[in-house]
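These notes are about the structure you will find just below.
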Amino acid sequence: MGFALFSTAHMAIQARDALQNLVFDADTNSVLRAEMAKKNLYVKRVSDTNNFDQSKRMRTGGDYTPAAYHAPGTFVSPPASVWGPQTYMASSTASYDPYGGYPVAQVPPVPIPVAPAGYAPVQNMKDNPPCNTLFIGNLGENTNETELRGLFSGQPGFRQMKVLRQERSTVCFIEYEDLHSAAAVHNNLQGAVLSSSERGGMRIQYSKNPFGRKKDLSGPMPHAVDGTPGATLSDLNGVSSSASQ
DNA sequence: AGCACA
């Protein structure tokens, strides 16, 4: 008997139905029986070096936000839908056959949502004028770039990402289609903790210069909702905690 | 606190 944890109940159901009655031993004609567990699986935290109290064990199964912590301002923990129908897929899914040739019902390609391991408070929140490019700081030395990419590329409006590893620190730039997408991510993922990080939560600021643009010489633009800087806070009204609803 | 690419 074994237990397997999935990101969402929906994915668990898909896996259950796909594997149900799978003949896993042709000699004895043994058949696999899969059912939903009564309770969510508890997973012991691997690295718990951020000084924020995460009570050593994290209950998995969708609630990634420690109940005690709420980020400053209008922070609301991202709704489950944020991790839902995203387009990010691990690149290895196509080539790897986990069932080694056993006849198995073809599981429809399921997106692999990447959710932060949790959230932690963020220090020093000074920021730049809103634009479509985010600057990510407080990334640990050995931040897993795949995890980082999975997290941000799954957000609506994602365009590109660049990781910059300096001796001083590791930082990262992420471009979104427009200011609204970037602002949503700025809100939703502020203080997000990667499981590969040994620091606290990441710091998300707007980039000084948007992707693909030289330093702005012409001064602040009066009213811009695309990538250009100069948008005012009122441009962000309506963008609070969720990009999709 | 650390802001590249063009």
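Chain letters run A, B, ... following the sequence lines, proteins first and then strands; every chain starts at 1.
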Side chain A:Q155, main chain A:S181, donor-acceptor under 3.5 Å: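 No, the answer is negative, given that no donor and acceptor are paired below the 3.5 Å cut-off.
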Listed partners of A:F173 passing ring-ring contact (aromatic ring centres under 6.0 Å, His included), at least two apart: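 In terms of ring-ring contact (aromatic ring centres under 6.0 Å, His included), with neighbours along the sequence ignored, A:F173 is linked to A:F135.
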For the pair made of [atom1] in [X] and [atom2] in [N], what is the distance, rounded to whole Å?
X: A:R159; N: B:dC5; atom1: CZ; atom2: P; result: 20 Å
X: A:N128; N: B:dA4; atom1: CG; atom2: P; result: 12 Å
X: A:K126; N: B:dG2; atom1: NZ; atom2: C1'; result: 11 Å
X: A:I136; N: B:dA4; atom1: CD1; atom2: C1'; result: 14 Å
X: A:N209; N: B:dA6; atom1: CG; atom2: P; result: 13 Å
X: A:E145; N: B:dA4; atom1: CD; atom2: C1'; result: 14 Å
X: A:E167; N: B:dC3; atom1: CD; atom2: P; result: 13 Å
X: A:Q205; N: B:dA4; atom1: CD; atom2: P; result: 14 Å

Between the base of [N] and the side chain of [X], is one N or O donor paired with an acceptor at under 3.5 angstrom?
X: A:R168; N: B:dA1; answer: no
X: A:N138; N: B:dA1; answer: yes
X: A:R165; N: B:dG2; answer: no

Given B:dC5, B:dC3, B:dA1, identify the nucleotide with an atom nearest to the side chain of A:F211.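 Given the options B:dC5, B:dC3, B:dA1, the side chain of A:F211 is closest to B:dC5.
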Looking at every heavy atom in both A:M125 and A:I204, which two are closest together, and how far apart are they?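 Closest pair (atom of A:M125, atom of A:I204, distance): CE-O, 4.3 Å.
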Under 4.5 Å between any side-chain heavy atoms of A:F158 and A:R149, yes or no?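 With C-beta onward as the side chain, the pair touches.
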With respect to the phosphate group of B:dA1, does any side-chain polar atom (N or O) of A:N124 fall under 4.0 Å of OP1 or OP2?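 True: A:N124 side-chain N/O within range (under 4.0 Å) of B:dA1 OP1/OP2.
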Can you work out whether A:Q160 or A:L139 has the more 5'-proximal nearest nucleotide on DNA chain B?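 Looking at DNA chain B, the more 5' nearest nucleotide goes with A:L139.
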Taking distance alone, no hydrogens or angles, what donor-acceptor pairs closer than 3.5 Å link side-chain atoms of residues 163-171 of chain A to residues at least two apart or in another chain?
| residue | atom | partner | partner atom | Å |
| --- | --- | --- | --- | --- |
| A:R165 | NH1 | A:E141 | O | 3.1 |
| A:R165 | NH2 | A:T143 | O | 3.0 |

